[in-house]
Amino acid sequence: MTASGPGPSTIPLVPLNNGRSMPQVGLGTWPLNDEQAAAAVREAAVAGYRSFDTAEKYGNEQGVGAGLAATGLSRDELFVTTKLDGKFQGHDRALVGVQDSLRRLQLDHVDLLLIHWPLPARDQYVNTWRTFEKALADGLTNAIGVSNFKMAHLHRLLAETDVIPAVNQVQLSPYSAREQIRSFDRDHGIVTQSWSPLGAGSDLLGSSVLTDIAGRIGRSPAQVVLRWHVQLGLAVIPKSSNPDRLRENIDLFDFHLTDEQMQAIATLDQGESAARDSDLEGH
Ligand code: A2P
């Protein structure tokens with residue numbers, strides 16, 4: 001089973017601030033193990049996904065790499081993201097961490113390299129970013145970005161380093177709409193990418209606001225949520241290892257939510273406290 005069959009993916013690209021672009025929808029792979037990740041990547045590629053998100057901490061980079069190799073797609077058709085774990089933050093350690101990730105992924109470069117969490121108490125993310133700038137210049141990645149960064153963390157990168165992050169990947173769903181960081185990212189040319197866009201672990205998909213809209217427009221609650229992200233201009237990485245859901249989660253581009261429906265979904269926001277606090281948490 002290869003992904004080189006029917007036509008190119010219909011997933012739109014979002015422009016990044018370095019002249020490159022990224023598919024708006026990608027496959028999240030946490031908490032899949034190597035074997036599950038390899039199968040999900042292969043299945044997703046057949047469904048039309050071209051963007052795949054992993055991290056050192058997920059422990060599945062090898063599986064993602066094996067899945068990518070089995071797709072039959074060429075390297076330039078793929079967009080691969082990985083994240084550097086906290087144990088590799090710091091000047092020299094960061095380079096070792098990136099090289100280890102590339103080896104597990106069987107790639108000579110990724111498309112997007114993220115600092116997984118800021119870990120401000122350790123105060124290593126600025127040093128790590130300088131190593132990322134070098135990794136970018138050396139072609140180990142096509143773009144660099146961050147994950148779980150708040151405004152204070154981004155302010156430091158903007159003030160003390162040269163390259164503006166291309167992406168800030170944050171926990172974001174209708175329960176945790178993160179309006180402040182979204183608008184900061186937008187003002188600075190940083191693409192916001194939502195992790196746990198379906199609110200994994202919560203009862204979001206069963207909420208009556210979503211099931212009502214879904215029933216009215218003949219779509220699933222998950223599609224309504226993902227369409228909400230898309231209409232806000234966000235990139236998303238829903239995770240599924242179920243082939244039907246994988247297809248459903250990219251079938252988002254032939255319907256539209258009305259302003260009224262977008263506003264109804266906005267009422268679900270429970271504020272910043274519904275998201276993990278990256279001043280205190282992370283790895
Ligand atoms: P599964 O892998 O069995 O499909 P998130 O991306 O927000 O982290 O959410 C992931 C969770 O949502 C997983 O438990 C996944 O389960 C489930 N999920 C993914 N896509 C859908 C969908 N279209 N409908 C319902 N649940 C979904």
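- Aromatic rings of His116 and Tyr58 (six-membered ring for Trp) have centroids within the 6.0 Å cut-off, being under it.
- Within a 6.0 Å sphere centred on CD of Glu272, other residues, nucleotides and ligands contribute more than 12 heavy atoms.
- A donor-acceptor contact under 3.5 angstrom links the side chains of His229 and Ser194, judged on distance only.
- Counting heavy-atom neighbours within 6.0 Å of Asp92 CG, excluding the residue itself, gives a total of 12 or less.
- A donor-acceptor pair shorter than 3.5 Å can be found between the side chains of Thr54 and Asn60.
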Evaluate the criterion side-chain hydrogen bond (donor to acceptor under 3.5 Å, both in side chains) for residue pair Arg227 and Gln231; output intermediate values, then yes/no. CA-CA 6 Å; Arg227 181 69 207 181; Gln231 282 185 217; 2.9 Å; yes

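- Counting only residues at least two apart or in different chains, ring pair (Phe, Tyr, Trp, His ring centres under 6.0 Å) contacts with residues 161-220 comprise His155-Phe184, Phe184-His188.
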For Arg182 and Asp187, what are the C-alpha separation, side-chain angles and deciding distance, and is it a salt bridge (Lys or Arg N to Asp or Glu O under 4.0 Å)? CA-CA 9 Å; Arg182 270 195 278 133; Asp187 290 349; over 6 Å; no

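- Closest non-hydrogen pair, Val80 versus Val110, comes out as O-CB, 3.5 Å.
- For the residue pair Asn242 and Ser240, no side-chain donor N or O sits within less than 3.5 Å of a side-chain acceptor on the partner.
- Side-chain contact of Ser278 with Asn148: a donor-acceptor pair under 3.5 Å is absent, judged by distance alone.
- Neither side chain, Gln270 nor Ser176, offers a donor N or O lying under 3.5 Å from an acceptor on the other.
- Atom CD of Glu179 is surrounded by 12 or fewer heavy atoms from other residues, nucleotides or ligands within 6.0 Å.
- For the residue pair Arg103 and Gln99, no side-chain donor N or O sits within less than 3.5 Å of a side-chain acceptor on the partner.
- With sequence neighbours excluded, no residue forms a side chain to side chain donor-acceptor pair (under 3.5 Å) with Arg245.
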Check the pair Lys83 / Glu56 against salt bridge (Lys or Arg N to Asp or Glu O under 4.0 Å), numbers first and verdict last. CA-CA 6 Å; Lys83 313 184 197 78; Glu56 189 278 339; over 6 Å; no

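- The aromatic rings of Trp129 and Phe132 sit tilted, their planes meeting at an angle between 30° and 60°.
- A donor-acceptor pair shorter than 3.5 Å can be found between the side chains of Gln193 and Gln169.
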